[in-house]
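Letters A, B, ... mirror the listed sequences (proteins, then strands); counts begin at 1. No hydrogens, no waters, no symmetry mates; every other heavy atom, side chains included, goes into these values.
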There are 2 protein chains.
Amino acid sequence: MVFRDASGRTLEDYPRPSMAVDTAVLTYTPDAALAVVLVQATDPAGWRLPGTFLHPGETLADAVQRSLAAKAGITDLVPAQLHVFDAPGRDDRGWVLSVAHLATVPFDRLHLDGQLTRLATIDAVGSLPYDHNAIIEFAVAELRARYAASPDPEGLLPEAFTILELRQLHEAVAGAPLQRDTFRRAMLPGLVATGGLQRGQLGKPAELYRRAAGRREATTD
Amino acid sequence: MVFRDASGRTLEDYPRPSMAVDTAVLTYTPDAALAVVLVQATDPAGWRLPGTFLHPGETLADAVQRSLAAKAGITDLVPAQLHVFDAPGRDDRGWVLSVAHLATVPFDRLHLDGQLTRLATIDAVGSLPYDHNAIIEFAVAELRARYAASPDPEGLLPEAFTILELRQLHEAVAGAPLQRDTFRRAMLPGLVATGGLQRGQLGKPAELYRRAAGRREATTD
DNA sequence: CTAATAGTGTCTATCAGACACTATTAG
DNA sequence: CTAATAGTGTCTGATAGACACTATTAG
């Protein structure tokens with residue numbers, strides 16, 4: 001069926017923008033920092049967020065996966081839409097709207113190639129082209145909301161972890177220190193002890209936990 | 001500056017989708033119900049959310065304003081982006097992405113024309129074409145989040161109101177009854193007594209309030 | 001007066017913040 | 001032993017839910 005409006009024009013007669021996706025891939029580094037993946041571009045040269053133009057018939061989520069699989073060797077992502085950036089002059093190459101996305105990846109599943117890709121710590125990202133700094137702001141705010149309620153909902157830690165490791169992750173995400181005892185009591189309902197202990201450190205060995213199956217909120221019941 | 005990719009193609013050589021906006025305009029009716037504005041279309045005939053295609057150089061927010069000013073006589077909106085609906089087959093007229101929006105309007109600022117526009121109560125919207133039912137779900141969820149913390153943040157009530165009227169509005173938004181005394185105590189920090197009373201009803205006259213200037217959250221300080 | 005609604009006092013359970021205490025390890 | 005970290009007990013203040021009480025009106 002061909003659509004025609006009041007003036008008899010079909011859908012193809014209307015000017016259309018180019019549609020892009022740009023993704024903030026967030027990870028948690030071994031030195032306890034929240035970091036974002038940047039890629040090197042040539043055209044306006046410099047570091048920026050990985051992105052691509054939407055292909056015909058393709059889903060936004062698929063475009064995100066396609067743009068990241070090559071550049072960062074990441075698969076099985078669950079990208080989340082954040083916001084559409086639509087300022088008319090945001091891209092000097094033409095009329096381009098970008099749908100900003102967030103994806104989280106455990107550090108050991110990242111395979112960055114070094115020349116074309118690098119990690120930047122969240123509080124030390126430089127000035128990026130387009131509105132990519134604003135996209136990172138959006139992404140971090142979204143991640144903070146997710147981490148407020150339950151223990152490591154994105155699975156950035158390995159299978160088993162101590163509560164200290166969990167708290168350091170949550171502090172990196174929140175960008176602020178968290179109460180030691182309150183944090184423990186808030187997270188315990190969502191955790192299951194593995195029975196193992198973490199030895200070799202000074203002090204009493206810490207119990208190892210994994211996330212509870214039901215991905216519980218921090219409540220009593 | 002003309003952009004060319006590795007194959008020498010410019011931005012215009014890439015296929016592009018049509019970009020639309022669809023808006024859930026929510027209001028609060030005199031009979032204490034949350035309702036959404038629907039418009040009558042001819043092309044696939046039936047009721048649907050008001051929307052339009054994005055014009056060149058136009059902002060999404062501007063397109064929302066343009067599509068609503070005519071059809072519902074509403075101006076000075078502050079539309080909020082909700083989500084991009086991008087399923088390849090969502091529109092049988094072609095490849096159309098829609099950016100769903102939420103706008104709230106006090107009932108007495110609505111000027112619906114009757115033949116082409118009507119209100120539907122939220123829990124009695126019928127089955128709408130495309131993904132317009134999902135858009136309404138998104139919009140109501142967003143409104144609920146906003147109304148959880150502060151008194152009538154969208155200004156759906158008139159200047160002065162009683163706490164009973166405020167609670168009835170919040171119950172319509174939440175879709176569930178709220179505790180009478182708890183609600184009052186939670187909202188009072190964000191309210192200012194006007195000094196007036198609401199008379200003429202049976203029972204003790206209720207004090208009239210307006211929203212506090214600072215749009216305070218429900219806390220003590 | 002009665003019926004109805006507005007507004008408040010208060011008890012209980014829960015929870016965050018704060019702090020100190022006990023428990024268990026390395027060295 | 002000492003130093004350091006893990007884990008817990010407990011007090012305080014704030015708050016939600018529940019319930020009952022007082023206050024003030026219409027009729």
Using whole Å, what does the distance between atom [atom2] of nucleotide [N] and atom [atom1] of [X] come to?
{"X": "B/Leu202", "N": "C/dA6", "atom1": "CG", "atom2": "C1'", "value": "12 Å"}
{"X": "B/Lys204", "N": "D/dT24", "atom1": "NZ", "atom2": "C1'", "value": "6 Å"}
{"X": "B/Leu166", "N": "C/dG7", "atom1": "CG", "atom2": "P", "value": "12 Å"}
{"X": "A/Phe161", "N": "D/dA6", "atom1": "CZ", "atom2": "P", "value": "15 Å"}
{"X": "B/Leu191", "N": "C/dA6", "atom1": "CG", "atom2": "P", "value": "15 Å"}
{"X": "A/Leu178", "N": "C/dA18", "atom1": "CG", "atom2": "C1'", "value": "15 Å"}
{"X": "A/Gln198", "N": "D/dT5", "atom1": "CD", "atom2": "C1'", "value": "11 Å"}
{"X": "B/Phe183", "N": "C/dG7", "atom1": "CZ", "atom2": "P", "value": "12 Å"}

_Name of the residue among A/Asp152, A/Val173, A/Leu102 meeting side chain to side chain contact (heavy atoms under 4.5 Å, CB included) with A/Arg146_ =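 For A/Arg146, the side chain to side chain contact (heavy atoms under 4.5 Å, CB included) test succeeds with only one of A/Asp152, A/Val173, A/Leu102, which is A/Leu102.
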Phosphate oxygens OP1/OP2 of [N]: is one of them under 4.0 Å from a side-chain N or O of [X]?
{"X": "B/Gln201", "N": "D/dT25", "result": "no"}
{"X": "A/Arg184", "N": "D/dT8", "result": "yes"}
{"X": "A/Arg199", "N": "C/dT25", "result": "yes"}

Taking distance alone, no hydrogens or angles, what donor-acceptor pairs closer than 3.5 Å link side-chain atoms of residues 176-205 of chain A to residues at least two apart or in another chain?
residue: A/Thr194; atom: OG1; partner: A/Gly196; partner atom: N; Å: 3.1
residue: A/Thr194; atom: OG1; partner: A/Leu208; partner atom: O; Å: 3.2
residue: A/Gln198; atom: NE2; partner: A/Glu165; partner atom: OE2; Å: 3.0

Shortest side-chain distance from [X], nucleotide among [options]:
{"X": "A/Gln179", "options": "C/dG7, C/dG17, D/dA3", "result": "C/dG17"}
{"X": "B/Glu207", "options": "C/dG7, D/dA18, C/dA16", "result": "C/dG7"}
{"X": "B/Asp181", "options": "D/dA18, C/dA6, C/dT25", "result": "D/dA18"}

*Check the pair A/Ser98, A/Asp22 against side-chain hydrogen bond (donor to acceptor under 3.5 Å, both in side chains), reporting the backbone distance first and the verdict last.*
CA-CA 6 Å; A/Ser98 174; A/Asp22 286 300; 2.7 Å; yes
*After noting the C-alpha distance and the side-chain angles of B/Val36 and B/Val140, does the key distance pass the side chain to side chain contact (heavy atoms under 4.5 Å, CB included) rule?*
CA-CA 10 Å; B/Val36 62; B/Val140 171; over 6 Å; no
*asked:* Both A/Arg185 and A/Pro205 contact DNA chain C. Taking the nearest nucleotide for each, which residue is further toward the 5' end?
replied: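 With A/Arg185 and A/Pro205 compared, the 5'-side residue is A/Arg185.
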*Residues that A/Arg118 engages under side-chain contact (heavy atoms from CB on, under 4.5 Å), provided they are two or more places apart*: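 Once residues adjacent in sequence are excluded, the partners of A/Arg118 under the side-chain contact (heavy atoms from CB on, under 4.5 Å) criterion are A/Leu38, A/Trp47, A/Ala120.
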_Donor-acceptor pair present, B/Arg180 side chain and D/dG17 base, under 3.5 Å_ =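 Absent.
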*So what's the dot-bracket for DNA chain D: Watson-Crick or G-U pairs under 3.5 Å, [ ] if a pair crosses, | if it pairs off-strand?*
|||||||||||||||||||||||||||
*Looking at the rings of A/Phe85 and A/His83, which for Trp means the six-membered one, are their centres under 6.0 Å apart?*
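Between A/His83 and A/Phe85, which both carry aromatic rings, the centre distance is below 6.0 Å.
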*asked:* Any side-chain to backbone donor/acceptor pair from A/Tyr28 onto A/Leu169? Under 3.5 Å, distance only.
replied: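 Yes, A/Tyr28 side chain to A/Leu169 backbone: donor-acceptor pair under 3.5 Å.
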